[in-house]
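Okay, so here's the structure we're looking at.
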Amino acid sequence: MEFEDFVQDLSSLEVINKDNQKISVKLKGVALQYSNALRRVCLNGVPVFAIDTVDIIENSSVLPDEGLAHRLGLIPIKTDLSRFNEPSNCECQSETGCSNCKVMLVLDSGESETTRTVLSNELSSEDDSIKPISEKIPIVQLAPGQRIKVECYARLGRGTEHAKWNSANVSMLTETDKEDERILTIESTGALSPEQIILAGVDEVTSRLGEFKEMINQIEE
């Protein structure tokens, strides 16, 4: 299959079923290598937000600082790909980032009066569109007198760098009883909708194949 044929086939994906978390699409006439490339990209090649840097201002909980930072990093964050850039592609080209590639979230539990669990709804974001996918994700349990206070910075990244940037929990390719037909099933982490993952995945695979074709053409010349 030629590159142009691949792009044309992917332009007419047939959605079999979908809901807020999962989508299944039929890939018909798409070569296995291209189908599998799309599967892999949908799993860990589509950029999403995750907390990457955590400044611990106060932590008197039983969870050590590195454990708290790790826990915060694993919270899925709602993502808006239309408004933000990956740091490597941002015009600022700054290690500290800017408002176009980094978002700050803060959490101050206050001193606990009773034993309680700090939840993700206590993370306050400077951008309302970039926030935890759920308000009920547990972060740490505090005993009376304990407190955590942190400043977190989230950025776009890809799961190939770290699993916390995976855009999907499940990306699965299954054969059907028809020749040259497969079903791609994507289950989102919640950072992006399943449809957004598929569309971004198609764009990413198309872009990568286009770049590879240009490299081959330059070598042949």
Whether over 12 other heavy atoms sit under 6.0 Å from [X] [atom1]:
X	atom1	answer
R182	CZ	yes
N17	CG	yes
N20	CG	no
E135	CD	no

Spell out, as yes or no, whether a donor-acceptor pair under 3.5 Å connects the side chain of [X] to the backbone of [Y].
X	Y	answer
D80	F84	no
T79	L192	no
R158	V41	no
K102	T96	yes
E126	M104	yes
S120	S134	yes
Q93	S88	yes
K26	E181	no
S60	R147	yes
Q21	S188	yes

Minimum heavy-atom distance between S125 and I130, given as atom pair plus value
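Closest approach of S125 to I130: OG-O, 2.7 Å.
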Which heavy atom in E175 sits nearest to a heavy atom in L32, and how many Å separate them?
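Shortest heavy-atom contact: OE2-CD1, 4.5 Å.
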Salt-bridge present (K18, E195; N to O < 4.0 Å)
yes
Measuring from atom CG of L63 to atom CD1 of I139, what distance do you get when rounded to the nearest 0.5 angstrom?
10.5 Å
Would you say N166 and S171 make side-chain contact, with heavy atoms under 4.5 Å?
no
Any side-chain donor near an acceptor of the partner, N100 and N85, under 3.5 Å
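No donor-acceptor contact under 3.5 Å links the two side chains.
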